[in-house]
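To start, the structure under review is shown below, and the notes come after it.
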Amino acid sequence: MTTVAEPAEDLSVLTGLTEITRFAGVGTAVSETSYSQSELLELLDVEDPKIRSVFLNSAIDRRFLTLPPEGPGGGRVAEPQGDLLDKHKKIAVDMGCRALEACLKSAGATLSDLRHLCCVTSTGFLTPGLSALIIRELGIDPHCSRSDIVGMGCNAGLNALNVVSGWSAAHPGELGVVLCSEACSAAYALDGTMRTAVVNSLFGDGSAALAVISGDGRVPGPRVLKFASYIITDAVDAMRYDWDRDQDRFSFFLDPQIPYVVGAHAEIVIDRLLSGTGLRRSDIGHWLVHSGGKKVVDAVVVNLGLSRYDVRHTTGVLRDYGNLSSGSFLFSYERLVDEDVARPGEYGVLMTMGPGSTIEMALVQW
C-alpha cells in the first residue's frame with residue numbers, strides 16, 4: 001500500500017529558506033467609472049449577436065474602465081497609440097498610488113517605512129518606469145530601491161513576488177512592496193473584430209499592492225514557502241500583445257483554445273510545487289487563482305479537482321471587476337483577508353497565468 005509522507009513541521013527546511021518572507025498588508029484601487037456589460041454594449045454600439053453573446057456570457061457583471069471620448073456622431077472614437085500611452089501613465093500612476101497607500105495602511109506602515117518598490121504593468125510602456133513616477137508622486141524617500149517588471153502579462157504578479165521575496169530575505173526587517181497597476185483601458189481597440197471583442201469583453205482597470213517583510217514572526221500574514229513556474233513553449237504565441245500593422249497600434253490576442261491549454265498543464269505545475277513537501281492537493285485550504293476568464297477558471301477547476309467554494313474569490317473578482325491582469329490574484333487575497341477564515345498552519349496556493357503561455361504558482365502557509 002502506498003503511503004503519503006506527512007508534511008514537515010517547518011517547510012522552510014525543505015525549501016531551503018533561511019529568512020521567511022511574510023505578507024504584511026494588501027491594498028487595491030480601481031479607476032473612476034464602472035460599467036455593466038450591457039451598458040458597454042450600448043456605449044460601444046455593438047450590434048453583432050455573436051459579439052454581444054461574448055460580453056453577456058462572460059460571468060462578468062461590471063468593470064472599471066476609462067472609455068474613449070465621444071466622436072462628432074456620438075459614438076466612441078478609437079484612440080491613437082500615443083493617447084493610449086498617455087492614458088496608461090495617468091491611470092496606472094493614480095491607481096498605483098492609491099493602492100500603495102491602502103496597502104501600507106493595512107500593514108500598519110507609512111511611506112517612510114518603504115525600502116523596496118517593485119512595479120508590474122503590461123498595459124503600457126514607460127521610461128522611467130512606474131516605480132520612479134510613483135516615488136516622485138508620493139514623495140517617497142528617493143533612496144528607496146526599486147524594480148519594474150514590464151510586459152510579462154497576467155502572470156507577472158507572482159514573478160514580482162518571487163523577486164521581492166528574494167530581496168526581502170536579503171534585507172530582514174525591511175519592508176518591500178509588490179505593486180501591480182494595470183490600466184487595461186489603455187490596451188483597448190475598436191475595430192469590430194471578434195479578436196478585439198474577446199479582449200474588450202474581459203479586461204478592467206485595477207491596481208493591487210502587497211507588502212512583504214522577513215525576519216519578523218509577529219507579522220500575522222502567510223509566509224512564502226516555495227515557487228513553481230512553467231512555460232508552455234508550444235503555445236508561446238497563443239496569448240500576446242504586439243503591434244497590429246492594420247490598426248497602427250498595439251493589440252492583444254487570445255487564442256480560443258488557451259483556457260484548455262492552461263487547464264491541461266496546471267497539474268504539472270501543482271505537482272512540482274508540492275513535490276518534496278509531503279503535501280497533497282487536499283491539504284491546501286485556500287486557492288487564489290487569477291481571474292483570467294470564465295473558461296480559464298472552469299478549466300483549472302476541472303483539471304485540479306477544485307470546488308466552486310475553492311475559487312469563490314476568483315469568480316467574485318471576475319464578476320465585480322473583470323480580468324485585472326497581473327493584480328487579479330491580490331484582489332482575491334484581499335477578499336480572503338477580509339473573510340478572516342485562514343487559520344495558523346493552513347496552506348494556500350497562489351496561481352497566475354499569462355502570455356508565454358505561462359503558469360506561475362506559490363505555496364504559502366499561515
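For the numbers below, each heavy atom of this structure counts, side chains included, while hydrogens, waters and symmetry mates do not.
Put simply, the side chain of R22 gets close to the backbone of G221: a donor and an acceptor are under 3.5 Å apart. S201 places no side-chain N or O within donor-acceptor distance of the main-chain N or O of F55, the cut-off being under 3.5 Å. Panel note: side chain S214, backbone S168; a donor-acceptor pair is recorded below 3.5 Å. Side-chain N or O atoms of N323 include one that pairs as donor or acceptor with a backbone N or O of G292 at under 3.5 Å. Using a distance-only test at 3.5 Å, with no hydrogens or angles considered, no donor-acceptor pair links the side chain of R146 to the main chain of H143. Between the K105 side chain and the G25 main chain, no donor and acceptor come within less than 3.5 Å of each other. Between the side chain of S106 and the main chain of V26, a donor-acceptor pair closer than 3.5 Å is present. Looking only at distances, a side-chain donor or acceptor of S207 sits under 3.5 Å from a matching main-chain atom of C180. A donor-acceptor distance shorter than 3.5 angstrom exists from the side chain of D148 to the backbone of L130, with no hydrogens or angles considered. Judged by distance alone, the side chain of D113 and the main-chain N or O of T110 form a donor-acceptor pair under 3.5 Å.
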Side-chain polar contacts of residues 45-54 - donor-acceptor pairs under 3.5 angstrom, sequence neighbours left out - could you list them?
unit_1, atom_1, unit_2, atom_2, d
D48, OD1, K50, N, 2.8
R52, NH1, E42, OE2, 3.4
R52, NH1, V46, O, 2.8
R52, NH2, E42, OE2, 3.3
S53, OG, N57, ND2, 3.0

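Taking the side chain as every heavy atom from C-beta outward, V300 and M353 approach each other to under 4.5 Å. Residues H88 and F125 fail the side-chain proximity criterion, which asks for heavy atoms closer than 4.5 Å. Between L161 and F23, the closest side-chain pair of non-hydrogen atoms falls below 4.5 Å. Taking 4.5 Å as the limit, some side-chain heavy atom of L273 sits within range of a side-chain heavy atom of K226. By the 4.5 Å heavy-atom criterion applied to side chains, Y347 and L225 are counted as neighbours. You'll find the side chain of L330 stays beyond 4.5 Å of the side chain of T28, heavy atoms only. A heavy-atom distance below 4.5 Å is not found between the side chains of V219 and V212. Looking at Q365 and P222, their side chains never come closer than 4.5 Å, going by heavy atoms from C-beta outward.
Counted within 6.0 Å of CD on E39, heavy atoms from surrounding residues, nucleotides or ligands total more than 12; the atom is thus considered enclosed. In E339, the CD atom is crowded: over 12 heavy atoms of neighbouring residues, nucleotides or ligands sit closer than 6.0 Å. Within a 6.0 Å sphere centred on CZ of R343, heavy atoms belonging to other residues, nucleotides or ligands number more than 12. Atom CZ of R272 sits in a sparse spot, with 12 or fewer heavy atoms from other residues, nucleotides or ligands closer than 6.0 Å. For R308, the CZ atom is densely surrounded, since the number of other residues' heavy atoms within 6.0 Å is greater than 12.
Taking every heavy atom of both residues into account, L350 and L158 meet most closely at O-CD1, 3.5 Å. Of all heavy-atom pairs spanning E174 and I213, the tightest one is O-CG1, 3.5 Å. Taking every heavy atom of both residues into account, A209 and L179 meet most closely at CB-CD1, 3.7 Å. Residue L138 comes nearest to C97 through the heavy atom pair CG-SG, 3.7 Å, listed as atom of the first residue, atom of the second, then distance. Taking every heavy atom of both residues into account, S291 and T314 meet most closely at OG-O, 2.8 Å. Taking every heavy atom of both residues into account, C118 and V164 meet most closely at CB-CG2, 3.4 Å.
Among residues two or more places apart in sequence or in another chain, the salt bridge (charged side-chain N to carboxylate O under 4.0 Å, His left out) test is passed with D242 by R195, R240. The ring-ring contact (aromatic ring centres under 6.0 Å, His included) search around Y230 returns H265, not counting sequence neighbours. Annotation: salt bridge (charged side-chain N to carboxylate O under 4.0 Å, His left out) contacts of R98 (sequence neighbours excluded): D94. In this view, W167 and H116, H171 satisfy the ring-ring contact (aromatic ring centres under 6.0 Å, His included) rule, not counting sequence neighbours. Evaluation of the ring-ring contact (aromatic ring centres under 6.0 Å, His included) rule for Y188 yields no partner, not counting sequence neighbours.
Remark: K89 does not engage D86 in a salt bridge, criterion side-chain N to carboxylate O under 4.0 Å. Salt bridge D205/R63: absent, no basic N to carboxylate O contact under 4.0 Å.
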Inset, instruction - Show your working on side-chain contact (heavy atoms from CB on, under 4.5 Å) between L318 and I60 and close with a plain yes or no. - result: CA-CA 6 Å; L318 181 66; I60 297 169; 3.9 Å; yes
Inset, instruction - Could you please spell out the steps behind the side-chain contact (heavy atoms from CB on, under 4.5 Å) verdict for C154 and S326? - result: CA-CA 4 Å; C154 297; S326 63; 5.8 Å; no
Inset, instruction - Just do the side-chain contact (heavy atoms from CB on, under 4.5 Å) check on N155 and H290 with the steps written out, would you? - result: CA-CA 8 Å; N155 53 276; H290 168 53; over 6 Å; no
Legend entry - side-chain contact (heavy atoms from CB on, under 4.5 Å) between D283 and R280, intermediate numbers included: CA-CA 5 Å; D283 294 315; R280 299 162 293 190; 3.6 Å; yes
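A continuous path of Ile, Leu, Val, Met, Phe, Trp and Tyr side chains, each step under 4.5 Å between heavy atoms, connects L65 with F252, placing both in one hydrophobic cluster. The cluster map of Ile, Leu, Val, Met, Phe, Trp and Tyr, joined by side-chain heavy atoms under 4.5 Å apart, puts L56 and V199 in the same cluster. Residues L114 and M95 do not share a hydrophobic cluster, clusters being chains of Ile/Leu/Val/Met/Phe/Trp/Tyr side chains in contact below 4.5 Å. Grouping the Ile, Leu, Val, Met, Phe, Trp and Tyr side chains by contacts below 4.5 angstrom, directly or via other members, places V77 apart from L44. In this structure, V296 is a member of the same hydrophobic cluster as M361, with clusters built from ILVMFWY side-chain heavy atoms closer than 4.5 Å.
Taking CG from N159 and CD from E360, the interatomic distance works out to 4.0 Å, rounded to the nearest 0.5 Å. Taken to the nearest 0.5 Å, the CG atom of L126 stands 7.5 Å off from the CG atom of L85. Going from atom CD1 of I149 over to atom OG1 of T121 covers 11.5 Å, rounded to the nearest 0.5 Å. Note that the CG atom of L336 and the CZ atom of F329 stand 13.0 Å from one another [nearest 0.5 Å]. Atoms CG and OH, on L41 and Y35 in that order, are 13.5 Å from each other to the nearest 0.5 Å. Going from atom OG of S131 over to atom CZ of R136 covers 12.0 Å, rounded to the nearest 0.5 Å.
Taking the six-membered ring where tryptophan is involved, the planes of W366 and Y333 are tilted, since the angle between them lies from 30° to 60°.
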